[in-house]
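Order of the sequence lines fixes the chain letters, A, B, ..., with proteins taken first and strands second; residue numbering starts at 1 for each chain. In what follows, every heavy atom counts, from backbone to side chain, and hydrogens, waters and symmetry copies are set aside. Note that the structure is predicted; figures quoted are calculated from it, not measured.
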Protein chains: 2
Amino acid sequence: MTLRHAVLGLLAESPGSGYDLLKRFESAMGLVWTATQSQLYGELGKLEKSSLIEVAAEGPRGRKEYAITPSGREVLRSWLLEERPVAPRRNEMLLRVYFLGEVSPEQARGFLTANAESARGLGEELARVEQAVDWDDSDASVFGRLALEWGKRYAAMEREWAEWAAEVVRSERG
Amino acid sequence: MTLRHAVLGLLAESPGSGYDLLKRFESAMGLVWTATQSQLYGELGKLEKSSLIEVAAEGPRGRKEYAITPSGREVLRSWLLEERPVAPRRNEMLLRVYFLGEVSPEQARGFLTANAESARGLGEELARVEQAVDWDDSDASVFGRLALEWGKRYAAMEREWAEWAAEVVRSERG
DNA sequence: GGGTACATGTAACTGGTTACATGATTGT
DNA sequence: ACAATCATGTAACCAGTTACATGTACCC
């Protein structure tokens, strides 16, 4: 039930329609959380029913502009403070690494170097995003930059690891 | 549909019952993939029905020891090579960071330092695991070590990032 | 005899994905 | 006029979690 909080967070920043939120999920939030269109509309319905958000305005084409309510903001805050920083415990890439003994050493190295490449690509993409955005000193900027920096460090870590791992496979498996 | 491949991978290493596999998910695979008991038995049933695994032996207490079949091994291999190394696109911790402007700077720093602590704990735990296991030159050892090293680097990255981020909040938000 | 570990299974529910379906407004 | 974009919604399905349910074998 985290999509719920992602939606509340976005609406806490500024009101918007389902369509607007979908755009924001695709762009700014892409690294952090994703949502499909059908999931989003469903969640908006539920949030409205429980009065955590409300329709603040209606527009053309049936557009409903939602805004967060005080009780919604309350829920968002308590979720932010409810401390349980847990590391993700599922990683498909690592699962493959785990079983890489099933294929030839050349294929295993190929997998790892492809991974290094894709991590490099991610790092470059994030660096471009960092350049493109004009950061100010708003909360969204400050905390968005923290999240972006995490992404850059993650990408660098994975690239370096994958290069190292490919080298280990070369030296230990030929 | 990745649990399917996790199960095939484990059975490719060595045969075992549902109960055995559950143990292996809890211990060695903990960082990489998780499964609940009910999910696991369901998946074993489906895999058997599609002949990717088979009951190789039966034991006391209704124990069914499964083994991978040649077609199962085939499916595992092609999954391993089917290249699409994608970075995970959902991270609850980062989502919270994203909206940390909603709480006070002290609370935001508290969140970040707690995260640094928990990353440090994870790093230490993985270091202990590394010490405890006696690594040989089997595939399971070599590739398991690569996965473990990823975990250590991940933990170190997150700890350093969280410390840095707490400092940014201190200097930019007081 | 009794506790622990072994061992499997089902049901109800939640979260997420894909596909289908429909229609209004705006800009050219 | 017509294409693109805006805009919302529903249905079927798959993956994963929690809780319930049951029973056997082994060791002391």
Side-chain angles (χ1 to χ4, degrees), chain A residues 1-11 15-27 29-30 32-50 52-67 75 79 84 86 88-92 95, chain B residues 1-8 10-11 15-27 29-30 32-50 52-67 79 84 86 88-92 95:
Chain A
M1 260 231 280
T2 303
L3 174 64
R4 179 183 212 81
H5 302 113
V7 170
L8 287 174
L10 286 176
L11 290 178
S17 65
Y19 193 87
D20 292 340
L21 292 178
L22 196 61
K23 290 278 168 70
R24 291 164 77 187
F25 269 107
E26 278 161 10
S27 60
M29 299 256 302
V32 161
W33 209 260
T34 57
T36 60
Q37 178 258 355
S38 78
Q39 201 191 355
L40 186 48
Y41 282 105
E43 194 61 48
L44 286 169
K46 285 184 224 158
L47 282 167
E48 200 204 337
K49 218 188 271 181
S50 48
L52 302 181
I53 63 175
E54 63 189 0
V55 178
E58 303 202 18
R61 282 166 287 203
R63 174 188 170 92
K64 287 189 258 180
E65 195 165 88
Y66 290 100
V75 167
W79 170 74
R84 41 162 177 142
V86 270
R89 297 196 92 61
R90 269 180 196 155
N91 182 317
E92 189 171 339
L95 182 66
Chain B
M1 262 235 279
T2 304
L3 174 65
R4 179 184 212 81
H5 301 112
V7 170
L8 288 174
L10 287 175
L11 290 178
S17 66
Y19 194 86
D20 293 340
L21 293 178
L22 196 60
K23 290 279 168 71
R24 292 164 77 187
F25 269 108
E26 276 161 11
S27 59
M29 298 256 302
V32 160
W33 208 261
T34 58
T36 60
Q37 177 259 356
S38 77
Q39 200 191 356
L40 186 50
Y41 282 105
E43 193 62 46
L44 286 168
K46 284 185 226 158
L47 282 167
E48 200 203 339
K49 216 187 271 179
S50 49
L52 301 181
I53 65 175
E54 64 191 0
V55 178
E58 303 202 19
R61 283 165 287 200
R63 176 189 170 92
K64 288 188 257 180
E65 195 164 270
Y66 291 101
W79 170 73
R84 42 163 176 137
V86 269
R89 297 196 94 57
R90 269 182 195 153
N91 183 318
E92 188 171 340
L95 183 65

Atom CG of Leu44(A) to atom P of dG16(C): distance rounded to whole Å? 14 Å
Measure from CZ on Arg24(B) to P on dA7(C) and round the result to the nearest Å. 14 Å
Base-contact (B) and sugar-phosphate-only (S) positions in nucleotides 6-15 of chain D, heavy-atom cut-off under 4.0 Å, - elsewhere: BBBBBB---S
Nearest-Å distance for atom pair CD/C1', residues Glu58(A) and dT25(C): 16 Å
Side chain to side chain contact (heavy atoms under 4.5 Å, CB included) with Ala56(B): which residues, sequence neighbours excluded? Ala67(B)
Of all pairs that satisfy side-chain hydrogen bond (donor to acceptor under 3.5 Å, both in side chains), the ones with a partner from residues 34-47 of chain B, not counting sequence neighbours: Arg90(A)-Thr34(B), Arg4(B)-Glu43(B)
Suppose we screen for ring pair (Phe, Tyr, Trp, His ring centres under 6.0 Å). Which residues come up paired with Trp79(B), at least two apart in sequence or across chains? His5(B)
Of the non-hydrogen atoms in Leu21(B) and Val7(B), which two are nearest, and what is the gap between them? CD1-CG1, 4.2 Å
Taking atom P of dG16(D) as reference, at what distance in whole Å does atom CZ of Arg89(A) sit? 16 Å
Measure from CD on Glu92(B) to P on dG16(C) and round the result to the nearest Å. 10 Å
Could you state the interatomic distance from CD1 (Ile53(B)) to CG (Leu44(B)), rounded to the nearest 0.5 Å? 4.5 Å
Enumerate the side-chain hydrogen bond (donor to acceptor under 3.5 Å, both in side chains) contacts for residues 52-66 of chain B, please, sequence neighbours excluded, ordered by first and then second residue. Ser17(B)-Arg63(B), Asp20(B)-Arg63(B), Arg63(B)-Glu65(B)
How close or far is atom C1' of dA5(C) from atom CD of Glu26(B), stated in whole angstroms? 13 Å
